[in-house]
Undergrad: 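Structure provided below as structure tokens; questions to follow.
Below, read A as the first sequence line, B as the second, and so on, with proteins coming before strands; counting in each chain starts at 1.
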Amino acid sequence: DSGVTQTPKHLITATGQRVTLRCSPRSGDLSVYWYQQSLDQGLQFLIQYYNGEERAKGNILERFSAQQFPDLHSELNLSSLELGDSALYFCASSVVGGPGDGYTFGSGTRLTVV
Amino acid sequence: AQSVTQLDSQVPVFEEAPVELRCNYSSSVSVYLFWYVQYPNQGLQLLLKYLSGSTLVKGINGFEAEFNKSQTSFHLRKPSVHISDTAEYFCAVRGNSGGYQKVTFGIGTKLQVIP
């Protein structure tokens, strides 16, 4: 157990639907990162939050949004889902997001869009 | 812009043999380098990291990596692999990009240890 908790572990939904993925960071970590992992694109950075505020944005589609709550857990919302959104979605956390921080990853949410 | 190239998508190696997984990076600024391992159905775990100082970095599970600035490489090595090392390995570089500390991951190298 890495200390980063992601729920649900698996999610199957239909095209056009909306889902919410949840992440609880490791105790003491203030930064949360979301990544999408697919076979053809590898690990793609989506977005980072630090202590409730958006810190950096990567290749996140406009149909996707995220937020970090006062208790530091984070949610990634995916809407108008397409078949191509099927992937593993990872959440990672780090202490402050400094340059030397390694990330602690959760075990991921496997999203299948049918 | 920064990038990471993992030169081998798959590396088969016999048990107890040595292995090297190659990683090259490009960045216009000082970087920090990391290796992560992903076991099946799990998230990534940090193996080791290079921030500064000695260019030879030791990590968990007997792995080590050497930072070579002139060749912009950060290859991962283990002198004797075990079956349990079968996993996917990701090299990552962290540097300043547009005012943010951005981490870029390589596409991964699948290490298959053959009994």
Undergrad: Linking I/L/V/M/F/W/Y whenever their side-chain heavy atoms sit closer than 4.5 Å, directly or via other members, would B:I83 and B:I60 fall into one cluster?
TA: yes

Undergrad: If only atom types and distance count, is the side chain of A:Y103 paired as donor or acceptor with the main-chain N or O of B:V103 below 3.5 Å?
TA: no

Undergrad: Using a cut-off of under 4.5 Å on heavy-atom pairs, state which of B:N41, B:L46, B:L44 scores highest against chain A.
TA: B:L44

Undergrad: I'd like to know whether CD1 of B:I114 has more than 12 heavy-atom contacts from other residues, nucleotides or ligands below 6.0 angstrom.
TA: yes

Undergrad: Mark yes when over 12 heavy atoms from residues, nucleotides or ligands other than B:E16 sit less than 6.0 Å from its CD; otherwise mark no.
TA: no

Undergrad: Between A:Q44 and chain B, which part of the residue has a heavy atom less than 4.5 Å away: side chain, backbone, both or neither?
TA: neither

Undergrad: Can you get from B:W35 to B:I107 by hopping between Ile, Leu, Val, Met, Phe, Trp and Tyr side chains that sit under 4.5 Å apart?
TA: no

Undergrad: In Å, rounded to the nearest 0.5 Å, how long is the span from CG of A:L43 to OH of B:Y36?
TA: 10.5 Å

Undergrad: According to a 4.5 Å side-chain heavy-atom criterion applied to Ile, Leu, Val, Met, Phe, Trp and Tyr, with indirect links allowed, do A:L46 and A:L21 form part of one hydrophobic cluster?
TA: yes

Undergrad: If you count heavy-atom pairs under 4.5 Å between each of A:S107, A:C91, A:G42 and chain B, which one has the most?
TA: A:S107

Undergrad: Counting heavy-atom pairs under 4.5 Å to chain A, which of B:Q38, B:Q42, B:Q45 comes out on top?
TA: B:Q38

Undergrad: I'd like to know whether CZ of B:R77 has more than 12 heavy-atom contacts from other residues, nucleotides or ligands below 6.0 angstrom.
TA: yes

Undergrad: Can you tell me how far apart CZ (B:F105) and CD (A:Q37) are? Round to the nearest 0.5 Å.
TA: 9.5 Å

Undergrad: Do you know which two heavy atoms are closest between B:R94 and A:Y33, and how far apart they sit?
TA: NH2-OH, 3.6 Å

